[in-house]
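Have a look at the structure below before the remarks.
Atoms considered below: every heavy atom in the structure, side chains included; atoms not considered: hydrogens, waters and symmetry mates. Along the sequence shown, residues are numbered consecutively beginning with 1.
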Amino acid sequence: MTHVPRLPASAILVTTLAVLFVSCGTPPGQPRAGSIALAPNEVVEFDALYANNCAGCHGDNGRGGPAIALANPVYLTVVDERSMRAIIADGVRGTSMPAFAERAGGMLTEKQIDAIVSGMQSRWSDPGALDGANPPSYAATSAGDIHRGEAVYQTFCQSCHGPDGRGGPKGSAITNDSFLALASDQYLRTIVIAGRPELGASDWRGYLAGRAMSDQEVTDVVSWLASHRVAAPGQPYLTQR
């Protein structure tokens, strides 16, 4: 009869733990790789960032909601990445666009903002969106003239938005004081240039057959629209007797 040496208890314990470690790959009680949820400030995946921070106003997949459609290739071609990033990070004062950067009181890191900007450009831009056309500049480069702007409005915009911008058969009221209180001059300019394709609104090339708007005409009509802003939008308020 062969004698089998008896191992001490400590050796048995070490051997058992080694077997468990090799067979499981993870020490007992420790979470497996990939099972730990990322902290909110560690998420850099575009779909999650866009859904949680942008879709509520700009629509699913950037197709438009209350605010401009971000998946508009004309818009993404006209706007530069620096301006887009500044809007997301710092918001737009006096409008419903909040600041998202942590340094400005928001919830997003600089890396997350970069991920949103690069994600929109890589997924939704189209190098051929302008079809060789030379668009007006994203930001105004000269002063606008209200009187010229009124004539521009009558030429390019009145057929859809009605006399004096009060609404027409194809477009909403765009001189409404409540609308203008929430729309910056840059927003107005962006809409005139890029249009709102999700609403059937053309870009700067399609308002008048055979004639695109010039950079100065865009600047002038924005000045005319902005001149309709009032200090206390929405008044007179209904009062109880």
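- The CG atom of Leu70 sits 7.0 Å away from atom SG of Cys54, with the distance rounded to the nearest 0.5 Å.
- In plain terms, the two heavy atoms of Val79 and Ser83 that are nearest each other are CG2-CB, 4.0 Å.
- Residues Asp80 and Arg82 are not paired through a salt bridge, judged by the lack of any N-O separation under 4.0 Å between the basic side chain and the carboxylate.
- Side-chain atoms of Arg189 come within 3.5 Å of backbone N or O of Ser137 as a donor-acceptor pair.
- Using a 4.5 Å heavy-atom threshold, the side chains of Val74 and Pro135 count as separate.
- Taking all atoms of both residues into account, the shortest heavy-atom contact from Leu188 to Ala183 is CD2-CB, 4.1 Å.
- Follow the hydrophobic side-chain contacts under 4.5 Å out from Leu199 and you never reach Ile193; the two are in separate clusters.
- Looking at every heavy atom in both residues, Ala89 comes nearest to Ala104 through O-CB, 3.8 Å.
- Side-chain contact check for Gln216 versus Ser142: some heavy-atom pair is nearer than 4.5 Å.
- The shortest distance between side-chain heavy atoms of Thr155 and Leu208 falls below 4.5 Å.
- Side-chain N or O atoms of Tyr207 include none that pairs as donor or acceptor with a backbone N or O of Cys160 at under 3.5 Å.
- Between atom CG of residue Leu225 and atom CZ of residue Phe179 there is a gap of 8.0 Å, rounded to the nearest 0.5 Å.
- Without hydrogens or angle criteria, Asn61 side chain to Arg63 main chain gives no donor-acceptor distance under 3.5 Å.
- Looking at Ser118, its side chain does come within 3.5 Å of a backbone N or O of Ala115 through a donor-acceptor pair.
- Taking 4.5 Å as the limit, some side-chain heavy atom of Leu76 sits within range of a side-chain heavy atom of Met84.
- In this structure, Asp47 and Arg123 have side chains that are in contact, with non-hydrogen atoms separated by less than 4.5 Å.
- A 4.5 Å side-chain heavy-atom check between Glu81 and Met120 finds every atom pair outside the cut-off.
- No continuous path of ILVMFWY side-chain contacts below 4.5 Å connects Val44 to Phe46, so the two sit in separate hydrophobic clusters.
- Rounding to the nearest 0.5 Å places OG1 of Thr77 at 7.5 Å from CD of Gln121.
- Listed for the His58 side chain is no donor-acceptor partner under 3.5 Å among the backbone atoms of Gly64.
- When atom types are taken as modelled, the side chain of Glu198 and the backbone of Gly65 share no donor-acceptor pair closer than 3.5 angstrom.
- Remark: the backbone N or O of Asp220 is not paired with any side-chain donor or acceptor of Asp145 at under 3.5 angstrom.
- Looking at every heavy atom in both residues, Ser227 comes nearest to Ile146 through CB-CD1, 3.8 Å.
- Note: Trp224 and Phe156 fail the aromatic proximity criterion, with ring centroids not under 6.0 Å apart.
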Test log, rule side-chain hydrogen bond (donor to acceptor under 3.5 Å, both in side chains), inputs Asn41 and Thr109 = CA-CA 6 Å; Asn41 64 356; Thr109 66; over 6 Å; no

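- Side-chain atoms of Arg85 come within 3.5 Å of backbone atoms of Glu110 as a donor-acceptor pair (strictly under, hydrogens ignored).
- Atom CD1 of Ile88 sits about 8.5 Å away from atom CG of Leu108, to the nearest 0.5 Å.
- For the atom pair CG of Asp177 and NE2 of His228, the computed distance is 11.0 Å after rounding to the nearest 0.5 Å.
- Heavy-atom contacts from other residues, nucleotides or ligands closer than 6.0 Å to CZ of Arg166 number 12 or fewer.
- By the rule that hydrophobic residues join a cluster once side-chain heavy atoms approach within less than 4.5 Å of another member, Phe100 and Leu182 end up as members of separate clusters.
- In this structure, Val117 is a member of the same hydrophobic cluster as Tyr138, with clusters built from ILVMFWY side-chain heavy atoms closer than 4.5 Å.
- Met107 and Leu49 end up in different hydrophobic clusters when Ile, Leu, Val, Met, Phe, Trp and Tyr side chains are linked at under 4.5 Å.
- Within the model, atoms CE of Met97 and CG of Asp90 stand 9.5 Å from one another, a figure rounded to the nearest 0.5 Å.
- Nearest heavy-atom pair, Pro73 versus Trp124, reported as atom, atom and distance to 0.1 Å: CG-O, 3.8 Å.
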Could you walk me through whether Tyr153 and His161 pass the side chain to side chain contact (heavy atoms under 4.5 Å, CB included) test, one step at a time?
-> CA-CA 9 Å; Tyr153 176 83; His161 295 284; 3.2 Å; yes

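- Smallest separation of non-hydrogen atoms from Thr95 and Val92: OG1-O, 2.9 Å.
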